[in-house]
Amino acid sequence: MALLVAAAAQLAVGLAVRNVVDGDLSAGDNSLLLALVAVGVVFAAATYCRENLVSWLGERVAADARTKVFSHVVGLSPSFFDRTKTNEVLSRLVADTSVLQTLVVSTAPSGLQSLVLLLGSAALMVVTSPKLAAVALAAVPVLVLPAFALGKHVRRLSRASQDEIAEVNSVAGESLSAITTVQAFNHEAIDRQRVAERVEAAFGAARRRFRAEALLSTTTVMLIFALIAVVLWTGARDLGSGQMTAGEMTAFLIYALLAATSFGSLTAFWAQLQRAAGAGERLKALLDEVPEIVPPAEPVSLPDDARGRISFRNVTFHYPTRPETPALKEFTLEVEPGQTVALVGPSGGGKSTVFNLLLRFYDPQQGQVLLDGVDLRALHPRTVRGRMGLVSQDPAIFNATVAENIRYGRPDATDDEVWEAAEAAAVTEFAGSLPQGFATPLGERGLRLSGGQRQRLAIARALLRDPAGILLLDEATSALDSASERTIQQAIEAATSNRTSLVIAHRLATVRMADRILVLDRGRIVGDGTHDQLMRDNGLYAELARLQFVEPDAAGKPPVKVLRWPAERPAPILPDFASPWEESGPGSAALPGWERDIEAAAERPGTE
């Protein structure tokens with residue numbers, strides 16, 4: 001309504017000016033001038049209302065778009081993020097929605113007002129002088145065709161420009177998120193160059209876009225001025241012959257100028273609309289993504305006596321990004337309720353894939369994964385994940401307080417419950433020394449904490465959640481020192497005593513606490529037993545143990561020489577699955593990889 005009032009006030013200016021020009025002001029009647037001032041006041045008030053309303057609308061549209069896109073993206077399957085850069089998603093969430101916001105706040109209202117003015121001006125031009133109106137309207141196709149042709153080109157360039165901006169965000173975000181690694185390897189100059197190249201590419205794409213927009217505006221202005229020249233020439237002839245009054249001629253020119261400027265604004269609006277369409281296509285592409293893991297139409301419930309029995313039956317699985325290599329191949333496993341099973345094996349053996357399938361981040365291409373006898377595909381994913389607690393090797397720590405990070409798995413937990421979980425995971429040992437204790441913000445990704453402190457937080461988070469079914473531990477003590485490991489190990493043993501637990505293990509203390517040890521290699525189980533059994537009967541496990549585990553001697557002290565290789569075999573140089581500074585457990589420590597190599601070489605005959 002405010003937009004229509006503002007447009008009507010602008011159109012009324014022409015009528016007021018005609019009356020002033022053709023009227024007699026010498027008699028002292030100032031009503032016409034007062035009417036003109038009143039029109040200006042109405043126009044100003046309507047413009048103020050319009051600006052306030054469209055600003056609110058623009059912010060509302062951008063907020064709703066961001067909420068909708070994020071709500072959709074956060075529900076997509078991990079396979080989507082395997083092939084899509086996170087920073088590109090963030091660019092669409094922020095930059096592309098900002099383009100839509102600009103469209104709503106400034107471009108669309110201006111365009112709509114220009115359209116109303118154009119139509120109103122055209123109508124008043126016809127009323128004022130049908131002959132001149134016919135001359136002006138005859139040129140409309142000449143003005144419209146270039147606008148449409150160049151508009152499509154602007155749309156393509158706009159999308160390309162937004163893609164380049166997303167690439168800048170991706171490259172820069174990747175470097176900033178790993179800033180310690182960048183600086184540790186003196187990689188700043190190379191990263192500066194990479195970002196500068198992407199920025200220049202984005203600048204080039206933007207330059208091509210605004211050149212096309214400028215060409216569109218320039219072409220329109222040239223045609224409009226040519227049209228005005230024709231109208232002036234025709235109108236001057238009619239004015240000279242007495243077919244028009246001076247007031248009518250003035251009013252017609254005002255209407256013609258309003259129409260011309262309105263059409264020019266519409267061409268600019270068309271260009272911005274094409275740019276917004278490009279951003280909209282990128283957002284629509286995100287919204288069109290369909291999660292690969294979706295709840296069944298009628299999800300079933302787990303049995304009332306569900307205890308956490310895990311079954312893998314002839315499972316074969318390929319990651320979408322590596323379709324040629326199976327991560328698990330004809331994999332069969334039965335884990336009884338309450339058992340603690342350790343998964344060991346070389347890198348790429350399939351240990352993490354077992355976790356990913358259990359959490360139903362992916363579905364196998366062949367076979368079944370069952371929880372208490374129910375196929376996971378028949379359950380709602382939230383039901384499956386609600387029965388599991390996860391501690392990752394590289395835990396996610398959020399930009400929140402210590403307490404909020406622990407409470408992440410159970411937002412309704414009381415302060416006492418948070419404290420108990422923190423104490424069990426030895427978080428209280430370092431939290432008390434923080435500036436604000438449990439209320440201390442930890443910063444982005446918890447960079448203010450050490451690796452061991454982050455793992456303790458993750459363990460406390462899992463303990464607080466107290467999953468009724470299954471506990472998944474992905475080398476949960478890998479970043480802890482020996483003293484802390486002893487404390488945490490006790491908490492983990494207490495947590496796993498009454499529930500099924502799967503543990504990805506690289507440390508002796510973790511392995512020995514397990515009821516069973518599974519040795520995985522190339523997606524298959526190649527060993528199943530206790531530590532002593534596997535050391536005796538399984539060559540791969542024995543080799544892994546010699547590389548990764550250090551057993552103390554009878555006196556409880558770690559041996560000086562930690563690795564002896566047969567003379568006929570070459571000494572390894574840091575195998576993929578060997579941790580360079582790995583500790584083996586309470587009271588013993590492994591030598592770094594290069595020292596192990598020296599010890600191994602020293603054991604070979606003829607080597608000094």
Side-chain angles (χ1 to χ4, degrees), residues 54 58 61-62 65 85 87-88 90-115 117-118 139-173 192-230 257-286:
V54 298
V61 167
K85 298 176 182 177
N87 286 313
E88 181 179 346
L90 293 177
S91 175
R92 298 189 190 191
L93 186 65
V94 177
D96 291 351
T97 51
S98 294
V99 172
L100 296 181
Q101 179 183 7
T102 301
L103 175 70
V104 175
V105 171
S106 59
T107 309
S110 176
L112 291 175
Q113 184 168 341
S114 296
L115 179 61
L117 285 174
L118 178 61
V140 169
V142 179
L143 298 174
V144 170
L145 291 177
F148 276 98
L150 289 172
K152 292 182 179 180
H153 185 52
V154 168
R155 181 171 181 169
R156 289 193 297 270
L157 294 177
S158 295
R159 174 151 191 174
S161 178
Q162 292 298 111
D163 289 340
E164 291 293 345
I165 292 173
E167 189 64 23
V168 171
N169 292 338
S170 177
V171 174
R192 289 189 188 106
Q193 181 64 27
R194 287 177 59 210
V195 172
E197 289 174 356
R198 300 317 312 172
V199 169
E200 286 302 314
F203 173 72
R207 185 174 58 182
R208 290 189 292 274
R209 172 182 57 78
F210 63 66
R211 278 180 176 174
E213 291 176 355
L215 178 61
L216 176 59
S217 299
T218 301
T219 302
T220 303
V221 169
M222 289 174 58
L223 293 173
I224 287 175
F225 271 92
L227 174 61
I228 290 176
V230 173
L257 287 172
L258 280 176
T261 54
S262 298
F263 189 84
S265 297
L266 282 176
T267 58
F269 166 71
W270 179 249
Q272 293 298 317
L273 185 63
Q274 297 308 306
R275 184 183 180 192
E281 287 175 354
R282 285 163 46 85
L283 292 173
K284 185 176 182 297
L286 280 181

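Numbering starts at 1 and runs along the sequence shown. Since we're looking at a predicted model, the values are computed, not measured.
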K.L.:
Who passes salt bridge (charged side-chain N to carboxylate O under 4.0 Å, His left out) against E281, sequence neighbours left out?
P.N.:
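By the salt bridge (charged side-chain N to carboxylate O under 4.0 Å, His left out) rule, E281 matches R155, R159.
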K.L.:
Taking side-chain contact (heavy atoms from CB on, under 4.5 Å) as the definition, give me every residue that meets it alongside R211, ordered by chain and number, with sequence neighbours left out.
P.N.:
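Listed in chain order: R207.
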K.L.:
Restricting to side-chain contact (heavy atoms from CB on, under 4.5 Å), what partner residues turn up for A160, sequence neighbours left out?
P.N.:
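Expected list: none.
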K.L.:
Which residues satisfy the salt bridge (charged side-chain N to carboxylate O under 4.0 Å, His left out) test with R198, sequence neighbours excluded?
P.N.:
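Per chain and number, R198 pairs via salt bridge (charged side-chain N to carboxylate O under 4.0 Å, His left out) with E164.
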K.L.:
Of all the heavy-atom pairs spanning D96 and R282, show the shortest one and how long it is.
P.N.:
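Residues D96 and R282, closest heavy atoms: OD2-NE, 2.6 Å.
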K.L.:
Please report the closest heavy-atom contact between R194 and V171, naming both atoms and the distance.
P.N.:
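Of all heavy-atom pairs spanning R194 and V171, the closest is NH2-CG1, 3.7 Å.
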K.L.:
Do you know which two heavy atoms are closest between A65 and T97, and how far apart they sit?
P.N.:
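That would be CB-CG2, 3.9 Å.
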K.L.:
Just to verify, what does V99 make a side-chain contact (heavy atoms from CB on, under 4.5 Å) with, not counting sequence neighbours?
P.N.:
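For V99, the residues satisfying side-chain contact (heavy atoms from CB on, under 4.5 Å) (neighbours in sequence not counted) are Q162, R275, A276, A279.
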